[in-house]
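Notes follow once the structure below has been shown.
Note on naming: letters A, B, ... go to the chains in the order of the sequence lines (proteins, then strands), and numbering restarts at 1 for each one. Heavy atoms only: backbone and side chains are in, while hydrogens, waters and symmetry mates are out.
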Protein chains: 2
Amino acid sequence: MERDEVIDEFRAYLREHNLPVTPQRVAVAEVLLLRDRHFSADEIENELRAQGISVGTATVYRTLEVLVRSGLVVERDFGEGFKRFESARGMPQHEHLLCTACGRVVEFQDDRLDRMSTLLAEAHGFVTRSHRLVIYGICSECQKTGSGL
Amino acid sequence: MERDEVIDEFRAYLREHNLPVTPQRVAVAEVLLLRDRHFSADEIENELRAQGISVGTATVYRTLEVLVRSGLVVERDFGEGFKRFESARGMPQHEHLLCTACGRVVEFQDDRLDRMSTLLAEAHGFVTRSHRLVIYGICSECQKTGSGL
DNA sequence: CTCATTGCAAAGGATTTGCACTAAT
DNA sequence: ATTAGTGCAAATCCTTTGCAATGAG
């Protein structure tokens with residue numbers, strides 16, 4: 001799949017909803033959709049600044065709102081005191097491993113876990129809608145360097 | 001276990017650490033340890049105010065810090081924009097089922113899940129510190145009444 | 001041209017911190 | 001007496017909002 005296809009999808013979404021396609025919106029979308037990372041609003045702003053593009057904080061947040069509504073981006077809260085955003089591409093339902101030393105986020109998907117989660121919910125009379133698993137630990141890199149010890 | 005035993009445990013913790021046992025600290029501890037609920041800092045303050053006890057906001061937060069360090073209370077973040085605190089009594093590691101219709105929170109514990117979570121982390125080179133699973137769904141009550149549909 | 005977006009700065013909500021005052025040991 | 005805790009208000013951190021200037025369609 002072409003890298004810019006996702007951006008075009010966003011452009012299409014904006015047009016369909018009569019929302020102006022501004023360079024700022026596209027710039028924010030590019031950071032988020034063309035990379036495989038979890039960005040905080042602040043990181044996005046810094047990333048853009050590093051690229052020489054200046055986008056106001058408010059605009060970053062407002063664009064993130066649109067991106068989430070478009071379904072192209074997903075909002076995550078790992079209890080760090082701020083939110084992170086990631087492309088919704090590919091992995092529909094996945095879990096997160098968060099390194100408490102360096103903040104790195106690793107994603108994975110496991111069918112057995114999905115099934116177990118549904119069964120556990122049923123056992124308590126719940127009909128599952130979704131679930132979220134975050135495992136906090138130390139990644140292999142940080143284990144080597146001894147960071148956060 | 002008697003209701004006041006937990007409070008005595010907290011008093012003991014304070015003494016052992018040369019921390020003064022103040023009426024404010026005990027008051028906050030009582031709200032949290034003598035009930036089966038998840039409280040926000042704000043709710044604790046209101047609860048105390050309703051009881052005619054006035055405790056400053058800063059003191060509530062500072063006491064929560066001590067309670068968490070003592071291991072008697074656990075801090076939770078369900079992505080609501082603020083933190084919740086609950087007694088750690090009994091269930092050392094447990095998961096949460098959150099009804100998206102009525103907001104009810106149900107807790108449960110499952111060893112197989114704990115083990116699976118550790119194994120999944122290892123498979124990705126992580127050393128597990130802890131994990132958090134929140135299953136979002138509809139509780140049996142709401143399924144009957146059709147709330148949130 | 002017209003209306004939505006932008007950016008700045010002020011406002012907000014949750015939590016923290018500085019500091020003079022009070023209380024526990 | 002000592003030393004730490006308390007309350008208040010000011011300060012932070014992340015995020016939202018008001019509003020005049022700007023830009024997309």
**Request:** Describe the nucleic acid contact of A:Ser54 in one word from base, sugar-phosphate, nothing, applying a heavy-atom distance below 4.0 Å.
**Result:** sugar-phosphate
How many whole angstroms separate atom [atom1] of [X] from atom [atom2] of [N]?
X: A:Asp77; N: D:dT15; atom1: CG; atom2: C1'; answer: 13 Å
X: A:Glu43; N: D:dC13; atom1: CD; atom2: P; answer: 16 Å
X: B:Glu45; N: C:dA14; atom1: CD; atom2: P; answer: 11 Å
X: A:Phe78; N: D:dC14; atom1: CZ; atom2: P; answer: 17 Å
X: B:His17; N: D:dT3; atom1: NE2; atom2: C1'; answer: 18 Å
X: B:Leu14; N: D:dG5; atom1: CG; atom2: C1'; answer: 11 Å
X: B:Arg49; N: D:dG7; atom1: CZ; atom2: P; answer: 11 Å
X: B:Lys83; N: C:dG13; atom1: NZ; atom2: P; answer: 18 Å

Show each protein N/O and nucleotides 23-25 of chain C N/O combination with a separation under 3.5 Å, one pair to a line.
from, atom 1, to, atom 2, distance (Å)
C:dT25, OP1, B:Val21, N, 3.2

**Message:** Less than 4.0 angstrom between a side-chain N/O of A:Arg25 and OP1 or OP2 of C:dT5, yes or no?
**Reply:** yes
**Prompt:** Using a cut-off of less than 4.0 Å, is there contact between a side-chain N or O of B:Tyr61 and OP1 or OP2 of C:dT16?
**Reply:**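 Looking at the OP1 and OP2 atoms of C:dT16, neither is under 4.0 Å from any side-chain N or O of B:Tyr61.
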For the residue pair [X] and [Y], establish whether any side-chain heavy-atom pair is separated by less than 4.5 Å.
X: B:Phe85; Y: B:Leu67; answer: no
X: B:Glu45; Y: B:Thr57; answer: yes
X: A:Ser70; Y: A:His17; answer: no
X: A:Thr22; Y: A:Thr59; answer: no

**Message:** Given C:dT15, D:dT17, D:dC8, identify the nucleotide with an atom nearest to the side chain of A:Arg62.
**Reply:** D:dT17
**Request:** Verify side chain to side chain contact (heavy atoms under 4.5 Å, CB included) between A:His96 and A:Leu98, making sure each step is shown before the conclusion.
**Result:** CA-CA 6 Å; A:His96 292 92; A:Leu98 180 69; 5.9 Å; no
**Request:** Begin from the C-alpha positions of A:Ile135 and A:Phe108 and carry the test side chain to side chain contact (heavy atoms under 4.5 Å, CB included) through to its verdict.
**Result:** CA-CA 11 Å; A:Ile135 302 178; A:Phe108 68 91; 4.2 Å; yes
**Joint cluster assignment, B:Tyr61 & B:Leu14, ILVMFWY side-chain distance < 4.5 Å** = no
**Prompt:** In terms of the nearest nucleotide of DNA chain C, which residue is placed more toward the 5' end: A:Gly56 or A:Asn18?
**Reply:**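 That would be A:Asn18.
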